[in-house]
Amino acid sequence: MDLSKLTPADAAVTLRGLERRYRGLFTGVGDDETPDDVAHRRVDGWSAIDHVVAAARAIGAADRSLAKVLTLDTPSLDPADVVPASRPHPMAPTGTVHERLSELGYEATALADRIGGASAREWAREGVVADEPPRTITALDVVRAAIDAGIGHLDAARKVLAAAVARPPDPQR
């Protein structure tokens, strides 16, 4: 996905709609099953609820990183907070789909609010990703990474749910 033209205002709108878009995935997923039944079925190592949790964590991490970039001079940023490959897989998330979607909504709204509070000149502020070799990213790069994670996990959850609904439940779960 090309995010090079994504503005902060567009990002905020996207973030505010993420919870609704994820909730839409779970509407009518199975005639004889609840969303919670289907959400935990793994396809290629991931379940739909794993993707919801991964998106929430990525967006929350981006919010923390953006706060640093907007308030500190050239802060050091943890690669796990801004580099998708550095993020751990959420193993066996707890709670219901509703709880995890609410958490996603909370994180997305917090980041959208932070974006709304930043002035136009702040989007060029920079942080240093502490990986090898260290590299510099802007506040806008942090926001774009959050959108990439949110939409990427949304698409992946959609595919996992489609495959999970088509297969019978695992009796071992």
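Worth saying up front: this structure is predicted, and the values here are computed from it rather than measured. Computed over heavy atoms, backbone and side chain alike; hydrogens, waters and symmetry mates excluded.
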Minimal non-hydrogen separation, [X] against [Y], with atom names:
X      : Y      : result
Ser76  : Ala130 : OG-CB, 3.6 Å
Asp81  : Ser65  : CB-OG, 3.4 Å
Ala112 : Leu15  : N-CD1, 3.9 Å
Leu77  : Gly127 : CD1-CA, 4.1 Å

Could you tell me whether [X] and [Y] have a side-chain N and a carboxylate O separated by less than 4.0 Å?
X     : Y      : value
Arg42 : Asp50  : yes
Arg16 : Asp113 : yes
Asp73 : Arg125 : yes

Could you go through Arg23 and Ser102, starting from their C-alpha distance and side-chain angles, then the distance that decides it, and tell me whether this counts as side chain to side chain donor-acceptor pair (under 3.5 Å)? CA-CA 9 Å; Arg23 281 192 188 281; Ser102 294; 3.2 Å; yes
Does the side chain of [Y] come within less than 4.5 Å of [X]'s, by heavy atoms?
X      : Y      : result
Leu70  : Arg114 : yes
Leu140 : Pro8   : yes
Glu99  : Thr96  : yes
Trp123 : Thr7   : no
Leu161 : Val43  : no
His153 : Val53  : no
Val52  : Val97  : no
Leu111 : Leu66  : yes

Closer than 3.5 angstrom, by distance alone: can the side chain of [X] be matched with the main-chain N or O of [Y] as a donor-acceptor pair?
X      : Y      : value
Arg144 : Leu6   : yes
Arg135 : Asp131 : no
Glu107 : Leu104 : no
Asp141 : Thr138 : yes
Tyr22  : Gly150 : yes

Ring-plane angle category for His51 and Trp46, please: parallel below 30°, perpendicular beyond 60°, tilted otherwise.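 Parallel: the ring planes of His51 and Trp46 meet at under 30°.
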Asp36 vs Thr34, side chain to side chain donor-acceptor pair (under 3.5 Å): CA-CA, chis, key distance, verdict: CA-CA 5 Å; Asp36 287 311; Thr34 69; 4.8 Å; no
Once you round to the nearest 0.5 Å, how far does [atom1] of [X] lie from [atom2] of [Y]?
X      : Y      : atom1 : atom2 : result
His40  : Asp37  : NE2   : CG    : 8.5 Å
Lys159 : Leu154 : NZ    : CG    : 10.5 Å
Ile49  : Leu101 : CD1   : CG    : 7.5 Å
Leu18  : Ile59  : CG    : CD1   : 5.0 Å
Arg21  : Ile151 : CZ    : CD1   : 4.0 Å

Checking side chain to side chain contact (heavy atoms under 4.5 Å, CB included) between Val128 and each of Val69, Thr136, Ile137, which is the one that passes?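 Option passing the side chain to side chain contact (heavy atoms under 4.5 Å, CB included) with Val128: Thr136.
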Of all residues at least two apart in sequence or in a different chain, which pass the side chain to side chain donor-acceptor pair (under 3.5 Å) check with Thr74?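 For Thr74 there are no side chain to side chain donor-acceptor pair (under 3.5 Å) partners, ignoring immediate neighbours.
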